[in-house]
Asks: 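Have a look at this one.
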Amino acid sequence: MPSNTPPVADLASLAKFAGQAVTIRGWVHHLRSSGKVRFLVVRDGTGLAQGVLVKGNLPEEDFKQFDRLTLESSLILTGRVRAEPRAPGGYELEVISLQPLNIAQDYPIAPKEHGVAFLMDRRHLWLRSPRQQAVMRVRDEVCRACRGFFHARGFLEVDTPILTPTACEGTTNLFETDYLGRGKAYLSQSGQLYLEAAAMALGKVYCFGPTFRAEKSKTRRHLTEFWMVEAEAAFYTLEDIMQLAEDLVRFVVLKVLENQEVQLQILERDPTPLAAVSGPFPRLSYAETLARLQEQGKEPAWGEDLGGDEETLVSQMFDRPVLVHRYPLSCKAFYMEADPKDPRLALCMDMLAPEGYGEIIGGSQRVADLDTLLARLEEHHLPQEPLEWYLDLRRYGSVPHSGFGLGVERLVAWLCGLTHVREAIPFPRLLDRLYP
RNA sequence: UCCCCGGUAGCUCAGCUGGUAGAGCGGGUGGCUGUUAACCACUUGGUCGGCGGUUCGAAUCCGUCCCGGGGAGCCA
């Protein structure tokens, strides 16, 4: 190696080095040979670039190394960057040195069709594919946009526990573990109750973390481990939280459109339906929603929660997310405040993403009164003792407050146009999958 | 848990009115001085998911179990 090694360049910024010699480090994405001219496409995590090996332009030894290369072999290349219209990206590297680091053996994922099970078993390798990389970049943008939004609104990030002594809602199945011989602990299915405590301390708070549900759900919308952004604010009403949820989703979607246009192109995701979020989101009461469904020939019974089919129908009625509010109290969780104008209804809301993606947010105004909450616990057959701390929030300066939770994978799936949430998280946990 | 569909080469699949297995891609070898999922030639490749049954004979028909996919309920 010459003593003056050329600078290392990211493939994404190769154009800046036009005319100069650079070093690039990465993995073989593609190989082609035409005798004495050989091509390889390298990826380095920032992008792709083509290298050209012309016999005579580099040491014969290095030229021969090309024949050893396989898909996903790692290597270090040096060469001169030059504009080349025939190369993908418009620039290519005229290789003057090729140094393999590791020759990959039998890389299983070809740039061909593969079945879902095959790819999921190799998720650790599948992540290297351009589409999967694009999804991860959109996910990263979503996460950062959420945090940016809340900080701009004066919300404080508060981390809630993952190991919990009790169920938050009692209804869904929990993952159970032994807690050092002191009894059972459960993996958190929501940070909400703790977030309510934090809101009484800090006013406006949010959390961002994994949640776990041991539901035997086998659908395109379910994971057993998924990430949720939850917000909780003292003195916020249902109307306030609906506006906050709408503003959050609008902000996040516009950020993705602004910063991740290239990824959406890789995913062949038409951005037009996403751009509709800049307008106000329609709001429908549960009663109005039932009426709309009846127009479509459905006959949903009052008092029932909306099923997946009905959600899909409602979300297809609009070109942007829709907020459905004031469901019957009877089909909702114990902590939801009743509507003073109609006590049969809960001050709650769901946000349904368009294009059939369904629920991405669920939220409500919380019960503020101690006696009401106690009565609710009884109705739902929930034990009072483990929730004494939660009841304390109603004993010591209770105030009206509201919050919601946003499912990160569902939002990412919608933004990327995915058919299943399992591609929206790096290593999905599903009913029948705990590997890799 | 329930209802559908599927399991054949490393991958994606064809073969399924019973007669002992095929394609494309991948892998390997050779050729090619501008390739774009390159191309051309040759070549390698299989307990047809497991077990049991029917039959002279089963990838094919029947039973059962296992695994995968899609959907329902529940939810973000």
Side-chain angles (χ1 to χ4, degrees), chain A residues 29-41 48-57 63 66-67 70-71 84-89 92 94 104-122 129-130 168-174 188-192 209-230 245 249 304-312 327 331-333 349-353 357-363 403-414 419-422 424-425 430-433:
Chain A
H29 181 70
H30 194 61
L31 291 164
R32 288 182 296 274
S33 169
S34 180
K36 297 192 177 72
V37 180
R38 296 170 183 188
F39 302 89
L40 75 171
V41 176
L48 295 171
Q50 173 168 278
V52 190
L53 284 74
V54 179
K55 199 173 171 70
N57 280 12
F63 189 74
F66 179 92
D67 294 333
T70 54
L71 282 189
E84 170 54 71
R86 287 171 293 188
E92 70 177 14
E94 236 181 340
Q105 43 183 323
D106 298 335
Y107 191 69
I109 301 178
K112 306 279 177 189
E113 318 138 38
H114 290 292
V116 172
F118 180 84
L119 291 169
M120 292 291 287
D121 284 341
R122 293 157 184 81
S129 307
C168 286
E169 303 183 18
T171 52
T172 43
N173 299 317
L174 297 168
S188 171
Q189 60 180 344
S190 164
Q192 182 197 317
T211 49
F212 307 86
R213 303 209 181 158
E215 288 160 1
K216 305 256 164 112
S217 307
K218 225 186 134 180
T219 80
R220 68 185 64 192
R221 296 174 180 172
H222 286 86
L223 297 165
T224 54
E225 177 181 310
F226 64 97
W227 286 65
M228 197 152 61
V229 185
E230 293 174 272
V249 170
E304 300 280 308
D305 211 342
L306 298 181
D309 285 353
E310 290 150 341
E311 261 187 19
T312 303
Y327 287 72
C331 66
K332 289 293 178 183
M349 60 92 169
D350 283 352
M351 186 186 292
L352 309 181
Y357 277 87
E359 184 176 355
I360 53 172
I361 286 180
F404 64 78
L406 162 72
V408 171
E409 288 76 19
R410 287 185 179 179
L411 178 57
V412 172
W414 170 51
T419 55
H420 197 299
V421 291
R422 65 188 163 212
I425 186 167
L430 297 151
L431 179 56
D432 290 313
R433 181 170 296 279

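Proteins come first, then strands; the chains are lettered A, B, ... in the order of their sequence lines, and each starts at number 1. Nothing here was measured: the structure is a model prediction, and the numbers come from that model.
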Asks: Which part of the nucleic acid, if any, lies within reach of A/Glu304 when heavy atoms closer than 4.0 Å are counted: base, sugar-phosphate only, or nothing?
Replies: nothing
Asks: So, A/Arg410 side chain and A/Tyr357 main chain: donor-acceptor pair closer than 3.5 Å or not?
Replies: no
Asks: Got a donor-acceptor contact below 3.5 angstrom from the A/Glu409 side chain to the A/Trp227 backbone?
Replies: yes
Asks: Using the side-chain heavy atoms of A/Arg32, tell me which of these nucleotides is nearest: B/G34, B/G69, B/U35.
Replies: B/U35
Asks: Is A/Asp67 atom CG crowded by more than 12 heavy atoms from other residues, nucleotides or ligands, each under 6.0 Å away?
Replies: yes
Asks: Start at the 5' end of RNA chain B and walk down; is the nucleotide closest to A/Leu430 or to A/Asp305 reached first?
Replies: A/Leu430
Asks: Can you tell if the side chain of A/Lys216 reaches within under 4.5 Å of the side chain of A/Leu431, non-hydrogen atoms only?
Replies: yes
Asks: Quick one: does A/Thr211's side chain have a donor or acceptor within less than 3.5 Å of a partner on A/Ser190's backbone?
Replies: no
Asks: Given the C1' atoms of B/C25 and B/U44, what is the spacing between them in whole Å?
Replies: 14 Å
Asks: Of all the choices, B/C11, B/A72, B/G69, which nucleotide is nearest to the side chain of A/Phe118 once you look at every atom?
Replies: B/C11
Asks: Residues in side-chain contact (heavy atoms from CB on, under 4.5 Å) with A/Pro88, at least two apart?
Replies: A/Gln50
Asks: Say you pick atom P in B/G22 and the same atom in B/C65; how far apart are they, in whole Å?
Replies: 34 Å
Asks: In whole Å, I'd like the distance from the CD atom of A/Glu310 to the C1' atom of B/C75.
Replies: 15 Å
Asks: If you go through the side-chain atoms of A/Glu113, does one of them form a donor-acceptor pair with the base of B/G24 closer than 3.5 Å?
Replies: no
Asks: Using the C1' atom as the reference point in each nucleotide, state the distance between B/G28 and B/G70 in Å, no decimals.
Replies: 39 Å
Asks: Classify the nucleic acid contact of A/Asp350 as base, sugar-phosphate or nothing, counting any heavy atom under 4.0 Å across all strands shown.
Replies: nothing
Asks: Given atom CZ of A/Arg213 and atom P of B/C74, what is their separation to the nearest angstrom?
Replies: 14 Å
Asks: Scan A/Ile361 against the nucleic acid and name what it touches under 4.0 Å (heavy atoms): base, sugar-phosphate only, or nothing.
Replies: sugar-phosphate
Asks: State whether the distance check finds a donor on one side and an acceptor on the other, under 3.5 Å, for side chain A/Arg122 versus base B/C11.
Replies: no
Asks: Rounding to an integer number of angstrom, what distance separates B/U43 and B/C11 when you compare their P atoms?
Replies: 24 Å
Asks: Sort me out a list of protein N/O and nucleotides 1-5 of chain B N/O pairs below 3.5 Å, or just none if empty.
Replies:
from, atom 1, to, atom 2, distance (Å)
B/U1, O4, A/Lys216, O, 3.4

Asks: Expressed as a whole number of angstroms, how long is the span from A/Arg221:CZ to B/C75:C1'?
Replies: 10 Å
Asks: Applying salt bridge (charged side-chain N to carboxylate O under 4.0 Å, His left out), can you list everything that pairs with A/Lys218, at least two apart in sequence or on another chain?
Replies: none
Asks: Taking only the P atom of each, what is the distance from B/G73 to B/U17 in whole angstrom?
Replies: 37 Å
Asks: Describe the nucleic acid contact of A/Ile360 in one word from base, sugar-phosphate, nothing, applying a heavy-atom distance below 4.0 Å.
Replies: sugar-phosphate
Asks: Whole angstroms only, please: what is the NZ-P distance between A/Lys55 and B/G34?
Replies: 15 Å
Asks: On a plain distance test, is the side chain of A/His114 in donor-acceptor contact with the base of B/C11 below 3.5 Å?
Replies: no
Asks: Is there a Watson-Crick or G-U wobble partner for B/G57 with both distances under 3.5 Å, and which nucleotide is it?
Replies: none
Asks: To the nearest Å, give me how far apart CG (A/Asp121) and C1' (B/C67) are.
Replies: 11 Å
Asks: Can you tell me how far P in B/C40 sits from the matching atom in B/C66, rounded to whole Å?
Replies: 47 Å
Asks: Tell me, please, which residues at least two apart from A/His29 pass ring pair (Phe, Tyr, Trp, His ring centres under 6.0 Å).
Replies: none
Asks: Tell me the interatomic distance from A/Leu306, atom CG, to B/C75, atom C1', rounded to whole angstroms.
Replies: 13 Å
Asks: Run the numbers on A/His222 and A/Leu430 for side-chain contact (heavy atoms from CB on, under 4.5 Å), then give the verdict.
Replies: CA-CA 8 Å; A/His222 286 86; A/Leu430 297 151; over 6 Å; no
Asks: Got a donor-acceptor contact below 3.5 angstrom from the A/Glu84 side chain to the A/Glu92 backbone?
Replies: no
Asks: Could you let me know what B/G52 is paired to, Watson-Crick or G-U wobble, both distances under 3.5 Å, or none if it's on its own?
Replies: B/C62
Asks: NA contact type, A/Gly358, heavy-atom cut-off 4.0 Å: base, sugar-phosphate, or nothing?
Replies: nothing
Asks: Calculate the interatomic distance between A/Glu409 atom CD and B/A76 atom P; express it in whole Å.
Replies: 14 Å
Asks: With a 4.0 Å cut-off on heavy atoms, is A/Pro88 in touch with a base, just the backbone sugar-phosphate, or nothing at all?
Replies: base
Asks: Quick one: look up who B/G27 pairs with, Watson-Crick or G-U, both distances under 3.5 Å, and put none if it's unpaired.
Replies: B/U43
Asks: Using the C1' atoms only, state how far B/G7 lies from B/A59, rounded to an integer number of Å.
Replies: 11 Å
Asks: A/Ser217 side chain to A/Thr219 main-chain N or O, any donor-acceptor pair under 3.5 Å?
Replies: no
Asks: Listed by chain and number, what are the ring pair (Phe, Tyr, Trp, His ring centres under 6.0 Å) partners of A/Tyr107, not counting sequence neighbours?
Replies: none
Asks: Of A/Gly307 and A/Gln50, whose nearest nucleotide on RNA chain B comes first from the 5' end?
Replies: A/Gln50
Asks: Regarding A/His420, tell me which of base, sugar-phosphate or nothing describes its non-hydrogen contacts under 4.0 Å with the strands shown.
Replies: sugar-phosphate
Asks: B/G24 and B/U60: how far apart are their C1' atoms, nearest whole angstrom?
Replies: 23 Å
Asks: Does the aromatic ring of A/Phe39 sit over the six-membered base ring of B/G34, closer than 5.5 Å centre to centre and tilted less than 30°?
Replies: no
Asks: Figure out the CD/P separation between A/Glu311 and B/A72, and round it to whole Å.
Replies: 10 Å
Asks: Go ahead and name the base partner of B/U20; Watson-Crick or wobble counts if both distances stay under 3.5 Å, otherwise write none.
Replies: none
Asks: Could you check whether any side-chain heavy atom of A/Leu31 comes within less than 4.5 Å of a side-chain heavy atom of A/Arg38, counting everything from C-beta outward?
Replies: no
Asks: Please enumerate all protein N or O atoms sitting under 3.5 Å from an N or O of nucleotides 25-32 of chain B, with distances to 0.1 Å.
Replies:
from, atom 1, to, atom 2, distance (Å)
B/C32, N3, A/Gly35, N, 3.3
B/C32, N4, A/Ser33, OG, 3.4

Asks: From the set B/G34, B/A76, B/A72, return the single nucleotide nearest to any side-chain atom of A/Phe226.
Replies: B/A76
